Amino acid sequence: MSDAMTPVAIERKMIELVTTMTTAQRTLAAARNSETDAEIAYKKAKARAFHAPDCPRVLRGGVTTGERDAWIEERVENVWAAFKLASTQREIAQDGLRVTLAIAETVRSLGASVRTAYSLAGAS
């Protein structure tokens with residue numbers, strides 16, 4: 001925004017921010033969809049690994065639950081990593097939308113102050 005804080009400049013910035021908010025919301029929606037797809041893929045991969053013929057079976061005096069779970073996690077670590085990255089991207093998109101909303105609120109407040117200042121200046 002330029003240094004000239006006029007009602008017209010504030011209005012122009014608010015219109016620009018509506019576009020930015022819409023874009024940020026779409027980005028967040030896409031990131032949420034990607035995160036959901038990645039989580040589903042991770043859970044399916046874990047289930048496949050659990051039911052794999054070579055998956056260690058827990059037995060008294062044999063393989064422990066922890067050892068079996070570690071074996072499963074080792075087989076799905078790439079899918080888990082993709083899920084974790086998708087979650088991070090969703091959080092980044094969510095932060096982007098929050099920042100845009102905070103900026104819009106600040107501009108709205110500035111607009112109220114500028115309108116008041118302009119109306120007082122016009123009344124003198």
Side-chain angles (χ1 to χ4, degrees):
M1 208 153 70
S2 70
D3 291 338
M5 299 292 282
T6 65
V8 172
I10 299 282
E11 185 72 21
R12 190 176 307 120
K13 184 63 178 177
M14 290 300 292
I15 291 168
E16 178 186 313
L17 283 165
V18 168
T19 302
T20 304
M21 285 186 280
T22 301
T23 301
Q25 192 281 327
R26 287 182 182 148
T27 301
L28 177 56
R32 283 181 174 150
N33 288 338
S34 294
E35 180 183 30
T36 299
D37 292 343
E39 183 178 14
I40 290 168
Y42 171 58
K43 290 189 178 210
K44 284 181 177 181
K46 278 185 80 170
R48 279 192 304 275
F50 182 82
H51 294 292
D54 55 338
C55 178
R57 300 296 168 216
V58 177
L59 298 169
R60 183 172 300 235
V63 174
T64 66
T65 302
E67 291 169 328
R68 180 207 56 210
D69 292 349
W71 184 92
I72 291 170
E73 289 299 327
E74 192 174 295
R75 265 106 196 124
V76 300
E77 66 185 322
N78 290 339
V79 183
W80 174 85
F83 171 48
K84 188 64 180 162
L85 288 171
S87 295
T88 300
Q89 289 303 312
R90 190 251 322 137
E91 290 171 5
I92 290 168
Q94 198 166 343
D95 290 345
L97 180 57
R98 283 189 190 121
V99 167
T100 301
L101 292 171
I103 291 168
E105 184 60 28
T106 301
V107 170
R108 189 185 70 75
S109 295
L110 284 171
S113 296
V114 168
R115 278 190 303 280
T116 301
Y118 269 71
S119 68
L120 291 174
S124 308

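Just so we're clear, the structure is a prediction, and the values are computed from it rather than from any experiment.
Every side chain to side chain donor-acceptor pair (under 3.5 Å) that Glu105 has, sequence neighbours left out, goes to Arg108. With sequence neighbours excluded, no residue forms a side chain to side chain donor-acceptor pair (under 3.5 Å) with Thr88. Evaluation of the salt bridge (Lys or Arg N to Asp or Glu O under 4.0 Å) rule for Glu77 yields no partner, not counting sequence neighbours. For the side-chain contact (heavy atoms from CB on, under 4.5 Å) test, residues two or more places apart in sequence or in another chain that qualify with Thr27 are Thr23, Ala93. Among residues two or more places apart in sequence or in another chain, the side-chain contact (heavy atoms from CB on, under 4.5 Å) test is passed with Lys43 by Glu39. The salt bridge (Lys or Arg N to Asp or Glu O under 4.0 Å) search around Arg98 returns Asp95, not counting sequence neighbours. For Ile103, the side-chain contact (heavy atoms from CB on, under 4.5 Å) partners two or more places apart in sequence, or in a different chain, are Leu17, Val99, Val107. Among residues two or more places apart in sequence or in another chain, the salt bridge (Lys or Arg N to Asp or Glu O under 4.0 Å) test is passed with Glu16 by Lys13. With sequence neighbours left out, the side chain to side chain donor-acceptor pair (under 3.5 Å) criterion links Glu35 to Ser87, Arg90. Among residues two or more places apart in sequence or in another chain, the side-chain contact (heavy atoms from CB on, under 4.5 Å) test is passed with Asn78 by none.
The two residues Ala104 and Met14 make their nearest non-hydrogen contact at O-SD, 3.8 Å. Nearest heavy-atom pair across Ala38 and Ala86 is CB-CB, 3.9 Å. Of all non-hydrogen atoms in Gly111 and Ile10, the two that sit nearest each other are CA-CG2, 3.5 Å.
If you take CD1 on Ile92 and CG on Leu28, they are separated by 12.0 Å, rounding to the nearest 0.5 Å. Interatomic distance, CD1 of Ile15 versus OG1 of Thr20, reported as 12.0 Å (0.5 Å rounding). From Leu97, atom CG reaches atom CZ of Arg26 across 12.5 Å, with rounding to the nearest 0.5 Å.
Atom CD of Glu11 has 12 or fewer neighbouring heavy atoms from other residues, nucleotides or ligands inside a 6.0 Å radius.
Every pair passing salt bridge (Lys or Arg N to Asp or Glu O under 4.0 Å) that includes a residue from residues 50-74 is listed here, sequence neighbours excluded: Lys46-Glu73.
Hydrophobic clustering of Ile, Leu, Val, Met, Phe, Trp and Tyr side chains at less than 4.5 Å, counting indirect connections, keeps Val63 apart from Phe50.
Other members of the cluster containing Phe83 are Tyr42, Val76, Val79, Trp80, with ILVMFWY side chains joined at under 4.5 Å, either directly or via other members.
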